[in-house]
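Quick notes on the structure that follows.
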2 protein chains.
Amino acid sequence: MRARKVISFDTIRVACKNCTLAALCLPRGLTPEDVEQLDGIVKRSKPLHRGDSLFCQGDPFRSLFVVKTGSIKTYATGPEGGEQVLGFHLPGELIGLDAIEKGVHACSATVLETSAICEIPFAQLESLSNRIPSLQHQLYRLLSKEIGQDAEMLLLLGKKSAEERLAGFLVSLSRRLRQRGLSATDFYLSMSRHEIASYLGLAVETVSRVFSRFHEEGFLEVERKHIQLRDLTALESIVAKAMMDHHPGSKPAQP
Amino acid sequence: MRARKVISFDTIRVACKNCTLAALCLPRGLTPEDVEQLDGIVKRSKPLHRGDSLFCQGDPFRSLFVVKTGSIKTYATGPEGGEQVLGFHLPGELIGLDAIEKGVHACSATVLETSAICEIPFAQLESLSNRIPSLQHQLYRLLSKEIGQDAEMLLLLGKKSAEERLAGFLVSLSRRLRQRGLSATDFYLSMSRHEIASYLGLAVETVSRVFSRFHEEGFLEVERKHIQLRDLTALESIVAKAMMDHHPGSKPAQP
DNA sequence: GCTTTCCCTTGATCCCGATCAAGGGATTGG
DNA sequence: CCAATCCCTTGATCGGGATCAAGGGAAAGC
């Protein structure tokens, strides 16, 4: 059975002011009246399913999208096809920010699991932000946040072993889930090993092997998509250690 | 001799409206009157020299910086010292965008060669952008551009060999120099091999070896910091090829 | 219900790039 | 002017991860 349209329309249609994500999303810092205005331009569609597309590389840019529930992956395709995963997006995160500059989407976005998505026409958002300074400020903040996250990812990919990369991925996921009030240590991965591998710049086999190694070491339980982190501290220290191992650090002063 | 203050103050003090970078920088799309207003909040200091610091990781965020002439590197330091280079910045590029979200600089920025820098207090820029819609738009565009560039870098680091990474670096540099009206095939690198290596996630020795290999292949001439690209097309095709090699691509259809 | 297909895991081998080691050339400082 | 230092280059060795190969198990399609 595919079309489980029974998913509560209440969940889908919640206005911004009642949305549990308000603190993470655009409404942050806005007065109730301003949220009301923002609410007026947000389009809420019925839930999308695994494989559905939000936009494709090359599409003209019209709207930003926000994940309400579920998860999304963004990816770029080379001239010959094939894909490089650029990011995984959880509830409250904005998608499409990289398209503002050129007015054309530089990457594609598809749905990883049944998800509710808000669409926000950018032209309207922009002019609204011009009338609501705190919305403008929040938009600057969200764009800046995205830049910071990308830099973090560069750090992770810069010079790190497979273990460090996967640990970094899991720790980041865990932290973001906790922020959303979900379990930080027990969750289901909505993406395949192949997608994780592409994201981390590794081979599928390596991802699988490192999962096994982490399990042997007692860091986590893994059964297909179900992950239970047993020793988050150990994983965090793998990521932290990476920093100093790879970059010599302050010299021990001459004798 | 250190203090070569003889550098023409004319170059330093040019107002935005006379700056050759206007098309790349914040003034883009603004009316002359609006540029005048922007000009009022820009601080122009005397030239900075190699090793001077614009801001450090952890500093409170007050201003954005724009390179007028010269070049800048941004980098993050791990808890134990040691640095990971995050980016190299050429004239017209904004620095510090990643600090808006948290109000604290997430990375450090230092000067690679004698450079002229404009400082723009962000609070003033933000409120000005609220009165000038086209400035707001340009700020959104520049933030978005930064996100797009980071994504491009992720693509480069994702899954690529040393040759592909260095080729990508050179091609990107070449393109950016051309945009600024400089030679796309003959230039001096303002950063050391070590800094390039850190940026690309490689060892210094590897960077050196790949430079040599490119020279043997006739792709470029290299003498210390002086680079002359002889076969830009070859370098570009190395980058392009990477895409399809690493990501299988459309399957050739079953027999 | 059975086959097909995809996804994941594990094993074996090979290669690229990190690391170790050394030396030359340019710049800096005494 | 010479010594010290830093930066870059080249050579030799080693190891981690990609690749090749195989097999099991779950979901999907007939």
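Side-chain atoms are counted along with the backbone in the values below, which use heavy atoms only and exclude waters and symmetry mates. All values derive from a computational prediction rather than experimental measurement. Proteins come first, then strands; the chains are lettered A, B, ... in the order of their sequence lines, and each starts at number 1.
- Picking from dC20(C), dT9(C), dC8(C) the nucleotide with the shortest atom distance to the side chain of E205(B) gives dC20(C).
- Per the geometry, CG belonging to L189(A) stands 16 Å off C1' belonging to dT9(C), to the nearest Å.
- Ring pair F65(A)/F55(A): centre-to-centre distance below 6.0 Å.
- Remark: C1' of dT28(C) and CZ of R50(B) are 14 Å apart, rounded to the nearest angstrom.
- Taking atom NE2 of residue H194(B) and atom P of nucleotide dT19(C), one finds them 12 Å apart after rounding to whole Å.
- Residue whose closest nucleotide on DNA chain C sits further toward the 5' end, between T206(B) and E223(A): E223(A).
- A straight line from CG of L112(A) to P of dC7(C) spans 13 Å, rounded to a whole angstrom.
- Rounded to whole angstrom, the span from the CG atom of L202(A) across to the P atom of dC8(C) amounts to 15 Å.
- Under a 3.5 Å cut-off, the side chain of S174(A) and the backbone N or O of A184(A) do form a donor-acceptor pair.
- In the set dT9(C), dT9(D), dG17(C), dT9(D) carries the atom at the smallest distance from any side-chain atom of S212(B).
- The cationic atom of R224(A) (NZ for Lys, CZ for Arg) does not lie both less than 6.0 Å from the six-membered ring centre of Y188(A) and within 45° of the ring axis.
- Note: CE (M191(A)) to P (dC8(C)) measures 11 Å, nearest angstrom.
- Defined by atom type and a distance below 3.5 Å, a donor-acceptor pair is present between the side-chain atoms of S63(A) and E119(A).
- Look at E152(B) and R175(B) and you find a salt bridge, because one of the NZ, NE, NH1 or NH2 atoms lies within 4.0 Å of a carboxylate O, short of that distance.
- Proximity note for S161(A) (side chain, C-beta onward) versus dC8(C), dG17(D), dT9(C): the nearest is dG17(D).
- Note: CZ (F211(A)) to P (dT10(C)) measures 12 Å, nearest angstrom.
- The CD1-C1' distance, from I196(A) to dC7(C), rounds to 12 Å in whole Å.
- Among dC8(D), dT19(D), dC8(C), the nucleotide with an atom closest to any side-chain atom of R193(A) is dC8(C).
- S208(A) comes within 4.0 angstrom of a base, heavy atoms only.
- At the phosphate of dA26(D), neither OP1 nor OP2 sits under 4.0 Å from any side-chain N or O atom of K225(A).
- Distances were taken from every side-chain heavy atom of R209(A) (C-beta onward) to each of dC8(C), dT9(D), dG11(C); the shortest belongs to dG11(C).
- For E163(A) and R224(A), each mapped to the nucleotide of DNA chain D holding its nearest heavy atom, the one lying further toward the 5' end belongs to E163(A).
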